Amino acid sequence: MHMKKLLKENYLRILFLCTATIIATSFYLYNNIAFAEPTWNPPSGPPLLIDGETAPRSSDPDTNPEHNNTRILDQRSNPHAAFKENTNACAHCHSTHMGKSANLLRESTRKDLCFSCHDGRGSKYDSKGGLYYSSAGTVVDSLAGGFNTSAGFTSTHMIEDNNIAPGGTQDQIMLVCTSCHNPHGTGNYRNLATEINGVTIGNHNKKLADARDGIFVASKLDPKTNLYQPDIRENSFTKAEVVSYGGGFDKFCSTCHKDYVYYHYEGTDMNDPTKYRHPVGTLLTGGSRTTTTDPQEMPLSYTYPNSLFTTLPTQGVPSGVYPLPKSSFSTTGGTLNVTGANKYWYIITGVNMLGESHQGYIKGISVTGATATNTVNLVYPSISNALSYKVYRAGPSASEPIRTQFGLIGSTTTATASFTYDPIKREYTFKDNGSVSPDTTKNPPAINKQEPLDTTSQIGINAPKIMCLTCHFSHGTKSHDYYTGESKLKRKNSMGVCQDCHKK
Ligand code: HEC
Ligand code: HEC
Ligand code: HEC
Ligand code: HEC
Ligand code: HEC
Ligand code: HEC
């Protein structure tokens, strides 16, 4: 049975090889010889990625005098798309007569091919080491993590190895980079495949501003292509990339781990059909299900003041901020008054490209010095999918004020001097020295209500929700589970991902 499967696979490979040769050659002939595009002369010189050479990184200065317009710079930077105008890009990966493996690939395996650039040599994404080369010249963690166990990754999706996906069918899967990514580009975020394991995931429609199909993140119109491209930005403090996850990720992961998307397994052939799982697609307030007749309905809810706050990435806007207990005041450096009512109240929200979080936790800080010279230091952990933060203040007043009494006093996008960031602890400090009075026309957003997803009115559509990527990295993790020694691609050590939300 396994032999048969192998034969079948190889038979397909041979077929692929022939088809690929014909298609690639005719593509090449069509574009380069017969109907060469007059508007652009491809760079002269030897093809990239021959032995000892490296591909350009998009951050490299473009010194080629032939590259005198920005369109060409774009084409050079990303070999995965814009083929219509840049057929030369095929040669980064394919060699018509000297391919080392099926599909005329330049390297012996698909992994080697991808790593010929994504190991730090040919792209700002080093997926081997899980690194991102930021525009500031710093090297920070990449979003998906890395694959190289000798770089400290304790568990990874195992590439080019036969394995059974937990929670999936019992078939062996030979996981390759192209199981999840399409090297020729798709409409989806990160060129994620449009079909995996026979399951259609969909293709994000980049022509529509509000398209919610396929695997998508917040996007913006690219004036050059007139298409909506993922709006990926760098956080000005961490230099890490920030992506506002829009949707499709749970579906994506469950193409191989099909059971894990259900709170209850719905199939018939599992050993224990009564297994419960942590829900995904759930708002941070819980009570995820939209109807009470849904058998998977969960009665739990975490409404204010028991709302859950997390630093983990959510689908939608980030979670609100939960300031750390070590937030305090100092009796110098500011003008905060202590006469009369002596408590200052703060709300910090997280902002990404989809919008602002729900109302953050209300933190009260008693200022008990003798004179009006006080400063409040709010310390809070970095939220991985927040691009910026806003701080609102109310008071001084002894009792907890209502939302409309809060006014904006700082935002990382405007008053950066009040914010500092500690990259080791991954913590921010906001200093309120009293110099900015609250702008009471700018109130914090409403508290995180249980807004059932209403697809027509789109209410709650961008509210923060749990997804597979909340707890797991996609490629690999450096975390470690002290009891089992395993790490299962989890974003934090042991049960750290659970504590990050539930704070038991
Ligand atoms: C970034 C690397 C890369 C670039 C650039 C690239 N390819 Fe590919 N191509 C691959 C890989 C990897 C495969 C094998 C696909 C798989 O693993 O499923 C492949 C497969 C193919 C196939 C056979 C399977 C299929 O999808 O039809 C054809 C034909 C092909 N490529 C043509 C092209 C042409 C033409 C270009 C340029 C317009 C191009 N490729 C550019 C990496 C690349
Ligand atoms: C010739 C070099 C090269 C090869 C080979 C290559 N890539 Fe890339 N890749 C790039 C560059 C350049 C970018 C654009 C980002 C940047 O500026 O570094 C990129 C971007 C990506 C992205 C992010 C896309 C996005 O829009 O955010 C993914 C995912 C990716 N590559 C996967 C792969 C996979 C999988 C393979 C192997 C099939 C592969 N790459 C092979 C150079 C390469
Ligand atoms: C199990 C599916 C899966 C496999 C296998 C996979 N990737 Fe990815 N990859 C993803 C997802 C999902 C993301 C986006 C992660 C995020 O935004 O958190 C991603 C992101 C990336 C990026 C963008 C940088 C980053 O860290 O976000 C690159 C480049 C990339 N992958 C290359 C590769 C290469 C090279 C391989 C093979 C060695 C590979 N991927 C294998 C799912 C996969
Ligand atoms: C193309 C199929 C495929 C997709 C898509 C996929 N996985 Fe996997 N996954 C596997 C296979 C096969 C294994 C078992 C072998 C291994 O660890 O790589 C696995 C293992 C895992 C493990 C266990 C790792 C360990 O240390 O034992 C986790 C956790 C996981 N996947 C999470 C995810 C998440 C999260 C996503 C979505 C970002 C995802 N997977 C998408 C195929 C897939
Ligand atoms: C709330 C956090 C959380 C979310 C959300 C989550 N996981 Fe997990 N996952 C875990 C933890 C924790 C483990 C480790 C196993 C354990 O301790 O029970 C794990 C383990 C796994 C494993 C390995 C199981 C094994 O037997 O080796 C896979 C595969 C997996 N998750 C896939 C997924 C997929 C797919 C999704 C989205 C549908 C998802 N997870 C969502 C926390 C989460
Ligand atoms: C991103 C925030 C978040 C993370 C991380 C998280 N949870 Fe939850 N958890 C929730 C929410 C929200 C609910 C309520 C779900 C609902 O009502 O639909 C919930 C529900 C639960 C429940 C009740 C489920 C039931 O069947 O009654 C338990 C138990 C639980 N979580 C444990 C965990 C554990 C263990 C982890 C770590 C693997 C974890 N949670 C990680 C947000 C989170």
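For clarity, every value in this text was computed on a predicted model and none was experimentally measured. Whatever order the structure lists ligands and atoms in, that order sets their numbers, starting from 1.
Within the 2.8 Å limit, C498 places no N, O or S atom next to atom 8 (Fe) of ligand 6. Not one N/O/S atom of C253, from backbone or side chain, sits under 2.8 Å from atom 8 (Fe) of ligand 4.
The shortest distance between side-chain heavy atoms of L284 and F309 does not fall below 4.5 Å. Using a 4.5 Å heavy-atom threshold, the side chains of H157 and L489 count as touching.
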Identify all side-chain donor-acceptor contacts of residues 313-325 below 3.5 Å with residues at least two apart in sequence or on another chain.
from, atom 1, to, atom 2, distance (Å)
T314, OG1, V317, O, 3.0
Q315, NE2, G246, O, 3.1
S319, OG, T310, N, 2.9
S319, OG, T310, O, 3.4

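You'll find the ring centres of F153 and F147 outside the 6.0 Å limit.
In terms of N/O distances under 3.5 Å, ligand 6 is approached by H502. Here's the thing with M158: one of its N/O atoms is less than 3.5 angstrom from an N/O atom of ligand 4.
Of all protein N/O/S atoms, those under 2.8 Å from atom 8 (Fe) of ligand 5 are H472 NE2, and waters are not counted.
Per-atom contact check: atom 16 (C) of ligand 5 does not touch the protein, criterion being a heavy-atom distance below 4.0 Å.
Side-chain atoms of H94 come within 3.5 Å of backbone N or O of N103 as a donor-acceptor pair.
Under a 4.0 Å heavy-atom criterion, T282 is in contact with ligand 6.
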